[in-house]
Amino acid sequence: MQPNNLTNTIDHLFRNEYGKVVAVLTHKFGISNLERIEDAVQDTFLKAMQVWAYKKVPDNPTAWLYRVARNSLIDVLRRQKKSSFLEENNLLEKQTDSSNGELLPENAISDSQLQLIFACCHPSLSEEYQIILSLKLIGGFSNKELAEALLKKEETVAKSFTRAKKKFREEVQFLKIPVEMGLQSRLFKVLRIVYLLFTEGYAATTGSQIVKRDICYEALRLALLLKENKYCKHPNLEALIALICFHASRFDARLSEEGDLVTLEYQDRTKYNRELIRIGVKHLERSGTEDKLPSSYHLEAARSYYHCVAKTFKKTDWKSILELYDIQLRSQYSPMLALNRIVSFAKVHGATEGLKELKSLEQKTDFGITSLFYAIKAELLLETSNTKHYRTTLQKAIDFAENELVKKHLMQKLS
């Protein structure tokens, strides 16, 4: 296999399989062996790079990764004189070289991943620890990706992960899905983890990709797994699934054939996935909240729906989108949400009023090195024919952009 193809294959498998293999091994060998499990799985992916470079990728790579990681872990436990643990827990059954998946049934993956994500959201852990553990163990996030998602330094994330694992081992100990009340009390936290997983995949903050489909589809898979549990059925879950479907329906239109970023205004709407939109609508219709206020998932899903069904950019129902932003900001204020609102505000009230609203927001929040702030400001300056300040503002957006595709897109606008 060619080096570039192999790297892409490994990266794809890492996104899809890392969390699965960690979850199943943690279920089998216990939380006390979490660090050994992580090491074994990471070493297995390195081994895959070496072995598959001159051999073809197995028909069932998941089974291959699981088998190699499992055997590696058993070797480590034996060397560390943990054989009594292995024997007591019947973990020494004979291994085979087959890659047909017999050792890794799909229900074992699903059950183990759900158990792990609920365990990561244990009430004895802080919210920060819950997020870091979940995204590292289930999503395979790097420290850099987590640092961007949490607006923290990489070093801080690394230290937090080490502390979180220690507390995880001490406080949680066992992987199990809690009974009805405990499960429902953790559900909202689990939904937030799935949402964060999706948003990082949908708009990657760093790297050379703007969309990491593997992460997005993994988030959707986890959300659908939750729906299979009768105690997890909740309007917020339905709204989250709708949100993911609406956003994912636009994947093919977000990049040009050359791989460049295409903004919403210039997207080919014939490329929108109508089946995903249909599924999204079905889940949004099921997400009725009766007398309760809609959640942030409901409001974001509804905004995305309007973008999906608009026949052209100009025909987008910006007024309804703006109203949805206003409702969400009243109940759950966020500076970044307020910043994103400026686009729809300017579409409704004009670019001049948009600049005034942006200036007012800037006085409340220091956006500092936020590329999006300068990109929005530059666009509004261009619409008001202020070309002089447009170029200097757009240059700031370029300087602060960390995603390579976003930076390239902004540089093309500047030229």
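Computed from a prediction, not measured in an experiment: that's the story for all the values here.
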After noting the C-alpha distance and the side-chain angles of Phe251 and Asn273, does the key distance pass the side-chain contact (heavy atoms from CB on, under 4.5 Å) rule?
-> CA-CA 8 Å; Phe251 278 163; Asn273 188 317; over 6 Å; no

Would you call Phe246 and Val281 a side-chain contact if the rule is heavy atoms closer than 4.5 Å?
-> yes

Going through the checks in order, is the side-chain contact (heavy atoms from CB on, under 4.5 Å) test met by Ile398 and Lys413?
-> CA-CA 10 Å; Ile398 293 168; Lys413 293 181 72 171; over 6 Å; no

Mind checking whether Phe367 and Phe400 have ring centres under 6.0 Å apart?
-> no

Determine, for Glu170 against Lys167, whether the closest basic-nitrogen to carboxylate-oxygen distance falls under 4.0 angstrom.
-> no

Would you indicate whether Glu155, at its atom CD, is surrounded by more than 12 heavy atoms from other residues, nucleotides or ligands within a distance under 6.0 Å?
-> no

Quick one: do the Ser296 and Gln328 side chains pair a donor with an acceptor below 3.5 Å?
-> no

Check against side-chain contact (heavy atoms from CB on, under 4.5 Å), Ile277 and Arg274 = CA-CA 5 Å; Ile277 294 173; Arg274 298 297 160 187; 3.5 Å; yes

Is the backbone N or O of Gln412 less than 3.5 Å from a side-chain atom of Ser415, with the two atoms forming a donor-acceptor pair by type?
-> yes

Going through the checks in order, is the side chain to side chain donor-acceptor pair (under 3.5 Å) test met by His389 and Thr392?
-> CA-CA 5 Å; His389 288 104; Thr392 56; 5.8 Å; no

Would Val157 and Lys136 satisfy side-chain contact (heavy atoms from CB on, under 4.5 Å), going step by step from the backbone distance to the final call?
-> CA-CA 10 Å; Val157 168; Lys136 288 281 282 184; 5.5 Å; no

Could you check if a side-chain atom of Lys408 sits within less than 4.5 angstrom of a side-chain atom of Leu261, using non-hydrogen atoms only?
-> no

Salt-bridged, Asp252 to Arg213, with N to O below 4.0 Å?
-> yes

Close side-chain approach of Thr44 to Trp64, heavy-atom, < 4.5 Å = yes

Any idea which heavy atoms bring Cys120 and Gln130 closest together, and the distance?
-> O-CG, 3.2 Å

Under 4.5 Å between any side-chain heavy atoms of Asn71 and Arg67, yes or no?
-> yes

So, Ser287 side chain and Pro235 main chain: donor-acceptor pair closer than 3.5 Å or not?
-> no

Would you please indicate if the ring centroids of Trp52 and Phe45 are separated by under 6.0 Å?
-> no

Minimum heavy-atom separation for Tyr272 to Cys308, with atom names?
-> CD2-O, 3.7 Å

Leu125 vs Phe168 side-chain heavy atoms within contact, under 4.5 Å = yes

For atom NE2 of His307, is the number of surrounding heavy atoms from other residues, nucleotides or ligands below 6.0 Å larger than 12?
-> yes

When rounded to the nearest 0.5 angstrom, what distance separates CD1 in Ile131 from CG in Leu146?
-> 9.5 Å

CG/Leu284 to CG/Leu240 distance, rounded to the nearest 0.5 angstrom?
-> 11.5 Å

Decide if the gap between the ring center of His234 and the ring center of Phe188 is smaller than 6.0 angstrom.
-> yes

Output for pair (Tyr297 OH, Ile241 CD1), nearest 0.5 Å, gives 12.0 Å

Do side-chain atoms of Glu357 reach the backbone of Ile342 as a donor and acceptor pair under 3.5 angstrom?
-> no

Trace of the salt bridge (charged side-chain N to carboxylate O under 4.0 Å, His left out) decision for Glu17 with Lys20 = CA-CA 5 Å; Glu17 314 302 337; Lys20 296 177 185 177; 3.7 Å; yes

Other residues, nucleotides, ligands: >12 heavy atoms within 6.0 Å of Met411 CE = no

Rounded to the nearest 0.5 Å, how far does CD of Glu228 lie from NZ of Lys233?
-> 10.0 Å

Can a donor-acceptor pair be found between the side chains of Glu171 and His122 at a distance below 3.5 Å?
-> no

Least distance between heavy atoms, Ser304 atom then His247 atom = OG-ND1, 3.4 Å

Result of checking Phe313, Phe345, Tyr306 against Trp318 for ring-ring contact (aromatic ring centres under 6.0 Å, His included) = Phe313

So with a 6.0 Å cut-off around CG of Leu224, is the heavy-atom count from everything else above 12?
-> yes

Just wondering, are more than 12 heavy atoms of other shown residues or ligands nearer than 6.0 Å to NZ in Lys396?
-> no

Heavy-atom distance under 4.5 Å between the side chains of Asn236 and His298, does that happen here?
-> yes

Hey, is Glu404 close enough to Lys407 for a salt bridge, meaning N to O under 4.0 Å?
-> no

Mind listing the closest non-hydrogen atom pair of Ala40 and Ser72 along with its distance?
-> CB-OG, 4.1 Å

Is a side-chain donor or acceptor of Thr370 paired with a backbone partner of Leu372 at a separation under 3.5 angstrom?
-> no

Grab the two heavy atoms, one from Ser32 and one from Arg169, that are nearest each other, plus how far apart they are.
-> O-CD, 3.9 Å

Lys271 NZ: over 12 foreign heavy atoms closer than 6.0 Å = yes

Gly354 and Ala346 have their tightest heavy-atom pair at CA-CB, 4.1 Å

Are any non-hydrogen side-chain atoms of Leu243 and Tyr195 less than 4.5 angstrom apart?
-> yes

Is atom OH of Tyr305 surrounded by more than 12 heavy atoms (other residues, nucleotides or ligands) closer than 6.0 Å?
-> no

Is any side-chain heavy atom of Ile193 closer than 4.5 Å to a side-chain heavy atom of Lys189?
-> no

May I ask you to establish whether Arg250 and Tyr202 are in a cation-pi arrangement, using a distance under 6.0 Å from NZ or CZ to the six-membered ring centre and at most 45° from the ring axis?
-> no

Roughly how far, to the nearest 0.5 Å, is CD1 of Ile132 from CG of Asn143?
-> 8.5 Å

Within 6.0 angstrom of Tyr266 OH, more than 12 heavy atoms from elsewhere | no

Kindly say whether Leu414 contributes a backbone atom to a donor-acceptor pair with the side chain of Arg391 at under 3.5 angstrom?
-> yes

Here the gap from Thr365 atom OG1 to Leu339 atom CG, rounded to the nearest 0.5 Å, amounts to 9.0 Å

